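Okay, so here's the structure we're looking at.
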Amino acid sequence: MERKIMRKDWDSRVFDTINITCLSIVLILILVPLWNVVISSFSSSKALAEGGFIFWPSELSLENYRAVFRDDSIGQSFFISVAKTVIGVLTHVLFCAMVAYGLSKSNVRGRKFYVTMGVITMFFSGGMIPTYLLIKSLGLLNSFWVYIIPALLSFYDVIILMNFFRNVPSSLEESAKIDGAGDWRVFLSIFIPLSMPAMATIAMFNGVNQWNDFMTTKLYVTNEALYPLQMKLYEIIVQSQTQSMQNIGGSVIIETTTKGVQLATIVITTLPIVAIYPLLQRYFISGMMLGAVKE
Amino acid sequence: MSKASGYMSEKPTMGQRFKQFFVDFARQWEIQSMIWPGVIFMFIFCYIPIYGLTIAFKRYTVIDRLDTAPWVAFENFEIIMKDKFFWESVVNTLGISFLKLAIGFIVPIILAIMIYEVSLRGFKKFVQTISYLPHFLSWIVLGGMLINWFATTGLFNELLLALGIIDEPRNILLDPDKYWWIATLSDIWKEAGWGTILYLAVMAKIDPTYYEAAKIDGANRLKQIWHITIPNMKLMISLNLILTISGLLGSNLDQTLVLMNSQNREKAEVINSYVYRMGMTQGDFSYATAVGLGVSIVSVILLVSANAVTKRLNDNQSVL
């Protein structure tokens, strides 16, 4: 709802001026550092070594990106990131929707028990070490599936989808059942197509989490062939941190090359998120509202 | 008829109810087959680890076998009480959390009010779009950016040199005394914009006639904010406050792992990273689990008491 400010008096105008000035400062505080990272990733190692710029380096160059793409392991990591995000999102959304559909029927036997069991998982967890021991005993250490299987279900998402399914008019389901369709059939051919907005919202959030997740790798994966981009970036950061701290005499060139690689990797890692950001924005406000209604 | 109803009014025995349950269950096999994969999943991935918390009362490390690890009752907890490094991590966690509570809690409220007060639609949209963006960056990406901004040739030093605040560039990430502030302010930079969404959603529901009436009564914009906007946000603010307080002992592991280095460790080590170090790096599973369990119990107590306090402040209305 827009609030009309009908007659702008002097007082109100002063307020608006101060307000917009402050918000512009907020924008600068966010945009300038981001711009600095992007433009630094396009500067030559000489310009990076000199430093001394905020908006524009003394020399532009693509050498950092060339160095990154020369390294095959970055391509491999990019592939792992994409694979785990796509497979992870699809399986997560379908699995949650399936469970949510079952629980959305109020005449289901044992429903109260199932929901209580689920709500408890929202508040209690075994924590880092017991979960690690479980993953280890399931043989999921150093397996691609450790990105997918433990992330299949989130009871928050089940509740959101369950509430959505409950608002689907029951007449559709009844007429399908009269025609002899079973629950699976009704779920797959009526509820899934009708709930695309809710499922897209969950898919978006889950996708960002999958793309940004690095703890799973850090805890359960030591095989570098399975490193996603986030973990690769972490390795590069840690490597250059220790290098710059030891700072063996005259290693400035090496230092700035790794710095350039680091900056280019940051940009490459973030690019997919920025690319889908307009789409994300369409869904996240409705998503936050779905979550808020539940409370 | 009367016979039948007489039969119906009798309470079914335990056995009959049990049998009826299975008859219904079998009839609903199709819908049950959709729920049970979820139940099995939760049992394996949530309840087995919860049971796994019992190793906090055992002596179990990476070199032991779980089935032969001895029970030691509260021995691990007694060691924790005397563990200097644990208490150091508690101090750091609380220090950073209180800074985040004192500043990071207020900033989204002010920012939301400022955005709400903008009447230029395009500008408003633009501010929202830009301020939500950092939320979607991972901590690894942001950590990498921070390291570059704070480097001696980076943005931060250039800016301070240009403004004449310092004469010598210095990497403040290597300065332990600055770490709490870096952790707090970088968290605010990332999450403040995102934190405005729920407040803005609440404000969008305020009846505009309140403002019109207030204006006729001669209230200026600040007064309108103070007497109309803020009271309407009270419930949402309390809800966020409860969640923040219950999370005081929680710490951001991703942030810590990427920003901690050998120079700032004494001020950067938080409870989560300590659990990680003891459990995953040093392999003392029981000890790390005991630390985690102790912290979660204190967190639950904090949540319950924060809820009780805000309930009293909100005229006995529980916000949870």
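Quick caveat: nothing in here was measured; it's all calculated off a predicted structure. Atom set for the values below is all heavy atoms of this structure, side chains included, hydrogens, waters and symmetry mates excluded. By convention in this document, chain letters (A, B, ...) are assigned in the order of the sequence lines, proteins followed by strands, and residues within each chain are numbered from 1.
With hydrogens and angles ignored, the 3.5 Å screen pairs a side-chain donor or acceptor of B/Glu30 with a backbone N or O of A/Asp183.
Heavy-atom distances place both the backbone and the side chain of A/Asn107 under 4.5 Å from chain B. Proximity to chain B involves both the backbone and the side chain of A/Met117, based on heavy atoms less than 4.5 angstrom apart. With a 4.5 Å cut-off on non-hydrogen atoms, A/Ile237 touches chain B through its side chain but not through its backbone. The part of A/Asp11 that comes within reach of chain B is its side chain, from C-beta onward, which places non-hydrogen atoms under 4.5 angstrom from that chain. Using a 4.5 Å cut-off between heavy atoms, A/Ile20 touches chain B through backbone and side chain atoms alike. For A/Leu103, the parts lying under 4.5 angstrom from a heavy atom of chain B are both the backbone and the side chain. Contacts of A/Leu31 with chain B are made by side-chain atoms alone, with heavy-atom separations under 4.5 Å and no backbone atom involved. Heavy atoms of A/Leu34 lying under 4.5 Å from chain B belong to its backbone as well as its side chain. With a 4.5 angstrom heavy-atom cutoff, A/Val208 touches chain B only via side-chain atoms. Looking at A/Phe95, only its side chain comes within 4.5 Å of chain B, counting heavy atoms on both sides. Both the backbone and the side chain of A/Phe124 come within contact range of chain B, judged by heavy atoms closer than 4.5 Å.
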Audit row: A/Leu27, B/Phe126, side chain to side chain contact (heavy atoms under 4.5 Å, CB included) steps and yes/no: CA-CA 9 Å; A/Leu27 286 179; B/Phe126 184 65; 3.8 Å; yes
Test log, rule side chain to side chain donor-acceptor pair (under 3.5 Å), inputs B/Thr153 and A/Lys259: CA-CA 11 Å; B/Thr153 53; A/Lys259 192 176 171 186; 3.3 Å; yes
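Nearest heavy-atom pair, A/Thr131 versus B/Pro49, reported as atom, atom and distance to 0.1 Å: OG1-CB, 3.9 Å.
Counting heavy atoms from C-beta on, the side chains of B/Tyr276 and A/Leu219 come closer than 4.5 Å. Between A/Arg111 and B/Ile35 there is no side-chain heavy-atom pair separated by less than 4.5 Å. Residues B/Asn220 and A/Phe15 are not in side-chain contact: their nearest non-hydrogen atoms beyond the backbone lie 4.5 Å or more apart. A/Phe214 places none of its side-chain heavy atoms less than 4.5 Å from the side chain of B/Trp139. Using a 4.5 Å heavy-atom cutoff, the side chains of B/Met34 and A/Val99 are not in contact.
Ring pair B/Trp36/A/Tyr114 is perpendicular by interplanar angle, where above 60° counts as perpendicular and below 30° as parallel.
Ion pair B/Arg221/A/Asp16 flagged as a salt bridge, since at least one NZ, NE, NH1 or NH2 atom sits closer than 4.0 Å to an Asp/Glu carboxylate oxygen.
A side-chain N or O of B/Ser33 and one of A/Trp184 form a donor-acceptor pair less than 3.5 Å apart.
If you take CG on B/Asp24 and CZ on A/Arg109, they are separated by 4.5 Å, rounding to the nearest 0.5 Å.
Partners of B/Ser246 according to the side-chain contact (heavy atoms from CB on, under 4.5 Å) rule, which considers only residues two or more places apart in sequence or in another chain, are B/Leu303.
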